[in-house]
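Order of listing sets the numbers, starting from 1, for every ligand and every atom in it.
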Amino acid sequence: MTQPPRSSSAPPLIVRSIADLRAAVARIRAAGGTIGFVPTMGALHDGHLALVRAAQAEASHALVSIFVNPAQFAPHEDLDRYPRTEAADVARLAEAGCALVYAPAVAEMYPPGAVTRVRVPGVSAPLEGQFRPHFFEGVATVVTKLLIQAGADVAVFGEKDWQQLQVIRRLAADLDIPTRIIGAPTERDTDGLALSSRNAYLSPEARARAVALPQALLALKADLESGAVVGPSVARALAALAAAGFGPVDYVAVCEPHTLEALPDDAPLAGPARLLAAAWLDGTRLIDNLGVAP
Ligand code: PAF
């Protein structure tokens with residue numbers, strides 16, 4: 001390949017090794033281009049394509065990684081059945097004008113003997129950290145490696161995974177990674193359900209009930225914006241989820257937006273907050289979040 005990959009409707013260049021990724025990035029840079037990076041685990045949906053558009057708004061060339069990261073799944077979780085749809089993903093990325101796809105094998109990312117892991121105490125601890133204790137170490141490790149491997153100008157992550165975005169901002173700052181980290185708003189289906197690769201696990205009947213999750217968060221937001229006390233408002237959200245058949249509900253939480261420390265239960269909000277929820281519906285775990293400003 002003598003020419004750098006370009007942002008166009010031509011199929012993206014697919015690279016699978018760190019060396020080929022760095023060579024492709026170097027060619028783009030040598031031609032005066034910049035790199036907007038979107039790390040993904042594939043099974044791409046319109047939410048991912050919105051991240052690609054956000055990357056393209058910030059850089060001349062979009063780079064998307066597709067890597068189902070074993071380190072962020074616990075042994076009992078859905079690593080084996082996580083959807084792997086690379087051909088369809090690449091076709092969607094071609095339509096979106098993505099220049100470069102990085103799809104490494106597990107052995108490229110975690111070669112034999114690799115033991116170093118990245119932990120981000122504090123912001124990783126509550127919420128997802130409590131219910132999926134292995135998760136953020138796996139995410140932080142792979143995202144650190146991906147950011148170092150790609151050397152992009154900007155990297156875009158969805159606000160749908162709000163706590164993950166805060167963890168990544170923290171690690172990039174703490175490790176002096178020069179890539180600028182950008183959050184992109186959650187993309188939602190017409191009924192309000194946040195787009196997620198795991199929505200594919202829902203039966204049509206469960207999918208219809210899943211809308212209760214964003215509705216519960218919207219009702220909680222309205223309560224808090226009208227000056228209601230946090231604890232009883234959260235209790236109403238939990239009751240609404242139970243009535244819609246969710247169970248168990250891992251958490252409905254009202255937190256400081258960046259540290260994710262829980263805000264007091266016995267008072268109305270005194271400043272901006274983030275509302276975050278994780279709940280199971282017919283064996284599928286869904287998460288969502290919203291911003292609120294009293
Ligand atoms: O949000 C995701 O899809 C993953 O957690 C990420 C950031 C690609 C790391 O594997």
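Partners of D20 according to the salt bridge (charged side-chain N to carboxylate O under 4.0 Å, His left out) rule, which considers only residues two or more places apart in sequence or in another chain, do not exist here. Evaluation of the side chain to side chain contact (heavy atoms under 4.5 Å, CB included) rule for V90 yields P12, I14, E86 as partners, not counting sequence neighbours.
Using a 4.0 Å cut-off between charged nitrogen and carboxylate oxygen, R236 and D223 count as a salt-bridge pair. Ion pair R188/D46 not flagged as a salt bridge, since none of the NZ, NE, NH1 or NH2 atoms sits closer than 4.0 Å to an Asp/Glu carboxylate oxygen.
Between H134 and H76, the angle of the ring planes goes over 60°, which puts this pair in the perpendicular group of the 30/60° scheme.
As a member of the Ile/Leu/Val/Met/Phe/Trp/Tyr network built from side-chain separations under 4.5 Å, Y201 groups with M41, V68, F73, L79, Y82.
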Tabulated below should be the N or O atoms of ligand 1 paired with protein N or O atoms at under 3.5 Å; can you produce that?
unit_1   : atom_1 : unit_2 : atom_2 : d
ligand 1 : 1 (O)  : Q164   : NE2    : 2.8
ligand 1 : 5 (O)  : Q72    : NE2    : 3.0
ligand 1 : 5 (O)  : Q164   : OE1    : 2.7
ligand 1 : 10 (O) : Q72    : OE1    : 2.7

